[in-house]
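Counting convention: from 1, in listed order, for ligands and their atoms alike.
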Amino acid sequence: MILKFLDIKDPILRQKAKKVESIDKKILGLIADMKETLSEADDPEGIGLAAPQVGKSIQLFIVNFEKLNRVIINPKVLSMGEIKKTKKKEKTLEGCLSLPHYYGPIKRPNEVTIEYINENKETRQEKFKGFPAHIIQHEIDHLNGRLFIDHILEQNAPLYLFDGDDFEEVELT
Ligand code: ZN
């Protein structure tokens with residue numbers, strides 16, 4: 001089932017999501033629906049989807065980027081790299097399915113190590129580097145009620161609207 005995205009102003013997107021207590025049929029059904037919703041998203045294409053974006057304030061997100069396919073439940077950040085000012089690659093153009101067609105360059109640590117539970121109820125520790133590290137941090141932000149536009153404001157970064165051909169700089173309101 002394709003799930004509906006909450007409006008960007010919905011307060012659920014600003015809540016701290018609750019821990020998943022048990023990975024039961026209901027959660028597995030939600031994961032299946034989230035996977036379907038993410039794979040159907042093509043304008044823009046999605047690479048990650050967090051449960052709060054579809055109205056469920058629980059600590060669960062999925063990632064589907066090239067060979068990186070993960071279901072991540074109750075993530076805990078174990079360590080994070082530093083943001084090195086000199087490294088250009090630490091700035092990534094980020095967008096979000098909750099705010100389609102808007103993008104902005106955001107600086108984040110280029111490395112993050114997390115512990116989480118997967119859909120098979122296995123506890124995993126994993127280190128992510130480069131762009132996948134940015135995706136993981138973006139999704140964990142969703143579980144903490146943070147959105148990429150918060151980073152845009154804090155970092156005084158520009159926000160662009162992509163109209164299909166060009167990026168146009170817009171004001172964040
Ligand atoms: Zn997002």
- Message: Among residues at least two apart in sequence or on other chains, which ones pass salt bridge (Lys or Arg N to Asp or Glu O under 4.0 Å) with Asp150?
- Response: Arg14

- Message: Could you tell me if Glu126 and Tyr116 have a donor-acceptor pair between their side chains, going purely by distance under 3.5 Å?
- Response: yes

- If you count every protein N, O or S atom closer than 2.8 Å to the Zn ion (ligand 1), you should arrive at 3

- Query: So His138 and Ile106, side chain to side chain contact (heavy atoms under 4.5 Å, CB included) or not? Walk me through it.
  - Reply: CA-CA 10 Å; His138 177 113; Ile106 294 178; over 6 Å; no

- Look at the rings of Phe131 and Phe65 and say which category their plane angle falls in: under 30° parallel, 30 to 60° tilted, over 60° perpendicular. perpendicular

- Give a yes or no on whether Glu45 atom CD has more than 12 heavy-atom contacts from other residues, nucleotides or ligands under 6.0 Å away. no

- Does any non-hydrogen side-chain atom of Lys107 lie less than 4.5 Å from one of His151? no

